[in-house]
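Notes to accompany the following structure.
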Amino acid sequence: MKIATFNVNGVNGRLAVLLRWLEQARPDAVCLQELKTPQEKFPAAALEQAGYGAVWQGKKSWNGVAILARGADPVETRRGLPGDPDDAQSRYIEAAVGGVLIGCLYMPNGNPAPGPKFDYKLRWFERLTAHAAELMAAGIPAALVGDFNVMPTDLDVYKPERWVDDALFRPEVRAAFAGLTGQGWTDALRAAHPTERLYTFWDYFRNAWGRDAGLRIDHLLLSPAIAGRLTAAGVDREVRGWPKASDHAPAWIELSDVAAKRTTRARRTAVP
DNA sequence: ATGACTGATCTCATCAGA
């Protein structure tokens, strides 16, 4: 099972890029962020045509998240994080796809920091962490996937010293990320590539893509129930170089099939 | 410290993004 995340930066303006990538990458489940579309203008028909069922939470102009499933309809389990009924920013949607509960999230940017936007980010992070603890306690196969707007370590930033006062890299935010993964979640890209510089975002400014001045801010966190099934992880970097590209590239993981694993185990047992 | 670039919007200017 292949699970991917892609901050599309406008799902309608980016539809050609998204469809091209879906056809090439053929992920089984996809988390999208920054739809930048009202609920009724989400391109559900075009995605259906491409073979994907979808659930989504839109919002005019900003934010918005969706979960796609290849040849299936995601079974929605939640939209919006618990803890603030007045929060209308469309940053979280959750659905079951292929036996995995997938939480698709778009963490607030938080700049400028300090300030009210940064405070909102930290509060949102606390709500995510509280909800993640419930999923963890339930012991279910789960993945928290999306644009976390956090570089977890120096290895995830092209020039760490330039970012220490930024809302994506301030100590409070890195500590929040460490606290979340400390519950037992596996940062899949980093687990698969422990020492490699991997980026998922390159600013439109200053020729960041051309200079490879990137950030790793899109993450796939796996619960213990599925972390052992991780077989591969990567970033589809080339997508960032396509015409009309998003400023993010898709990131993905592969999980081994549960049934295949059972077969392997049975076969091993049978061999003397 | 500023602004570069991009998409969306009740567009020809502003906001938000990261």
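Reminder, nothing fancy here: chain letters follow the sequence lines and each chain counts from 1. Hydrogens, waters and symmetry mates are skipped; everything else that's a heavy atom, side chains included, is used. The model shown is predicted, which means the values in this text are computed figures rather than measured ones.
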**Report entry** A/Glu34 vs A/Phe6 side-chain heavy atoms within contact, under 4.5 Å
**Finding:** no

Report task. Could you encode protein contacts along nucleotides 1-9 of chain B as a string, one character per nucleotide from 5' to 3', using B for base contact, S for sugar-phosphate-only contact and - for no contact, with a heavy-atom cut-off of under 4.0 Å? Result -> --BBBSSSS

Rounded [atom1] spacing from [N] to [M] in Å:
N: B/dT6; M: B/dA1; atom1: C1'; value: 23 Å
N: B/dC15; M: B/dC10; atom1: C1'; value: 15 Å
N: B/dA8; M: B/dC12; atom1: C1'; value: 15 Å
N: B/dT2; M: B/dG7; atom1: C1'; value: 22 Å
N: B/dT14; M: B/dA4; atom1: P; value: 14 Å
N: B/dG17; M: B/dG3; atom1: C1'; value: 14 Å

Using a heavy-atom cut-off of under 4.0 Å over every strand shown, decide if [X] touches base, sugar-phosphate, or nothing.
X: A/Asn7; value: sugar-phosphate
X: A/Tyr106; value: sugar-phosphate
X: A/Asp147; value: sugar-phosphate

Report summary line: Applied to residues 49-100 of chain A, the ring pair (Phe, Tyr, Trp, His ring centres under 6.0 Å) test, sequence neighbours excluded, yields A/Phe42-A/Trp56, A/Tyr92-A/His131

Between [X] ([atom1]) and [N] ([atom2]), how many Å, whole number?
X: A/Met151; N: B/dG17; atom1: CE; atom2: C1'; result: 14 Å
X: A/Lys59; N: B/dA16; atom1: NZ; atom2: P; result: 12 Å
X: A/Asp247; N: B/dG17; atom1: CG; atom2: P; result: 12 Å
X: A/Met107; N: B/dG17; atom1: CE; atom2: C1'; result: 16 Å

Just to verify, what does [X] make a side chain to side chain contact (heavy atoms under 4.5 Å, CB included) with, not counting sequence neighbours?
X: A/Pro160; value: A/Asp154, A/Val157, A/Phe169
X: A/Asn207; value: A/Arg211
X: A/Ala175; value: none

Distance-only check: which donor-acceptor pairs under 3.5 Å involve side-chain atoms of residues 219-228 of chain A, not counting sequence neighbours?
| from | atom 1 | to | atom 2 | distance (Å) |
| --- | --- | --- | --- | --- |
| A/His219 | ND1 | A/Arg216 | NH1 | 3.4 |
| A/His219 | NE2 | A/Val150 | O | 2.9 |
| A/Ser223 | OG | A/Ile140 | O | 2.9 |
| A/Ser223 | OG | A/Ala142 | N | 3.0 |
| A/Ser223 | OG | A/Ala142 | O | 3.4 |

Requested in this report: Tell me, please, which residues at least two apart from A/Trp202 pass side chain to side chain donor-acceptor pair (under 3.5 Å).
Outcome: A/Asp212

Requested in this report: Name all stems that contain residues of DNA chain B, defined as runs of 3 or more consecutive Watson-Crick or G-U wobble pairs, both distances under 3.5 Å.
Outcome: B:5-9 with B:13-17

Query raised in the report: Without hydrogens or angle criteria, can the side chains of A/Asn111 and A/Asp166 be said to hold a donor-acceptor pair below 3.5 Å?
Result: yes

Report summary line: With sequence neighbours left out, the residues meeting salt bridge (charged side-chain N to carboxylate O under 4.0 Å, His left out) with A/Arg70 are A/Asp28

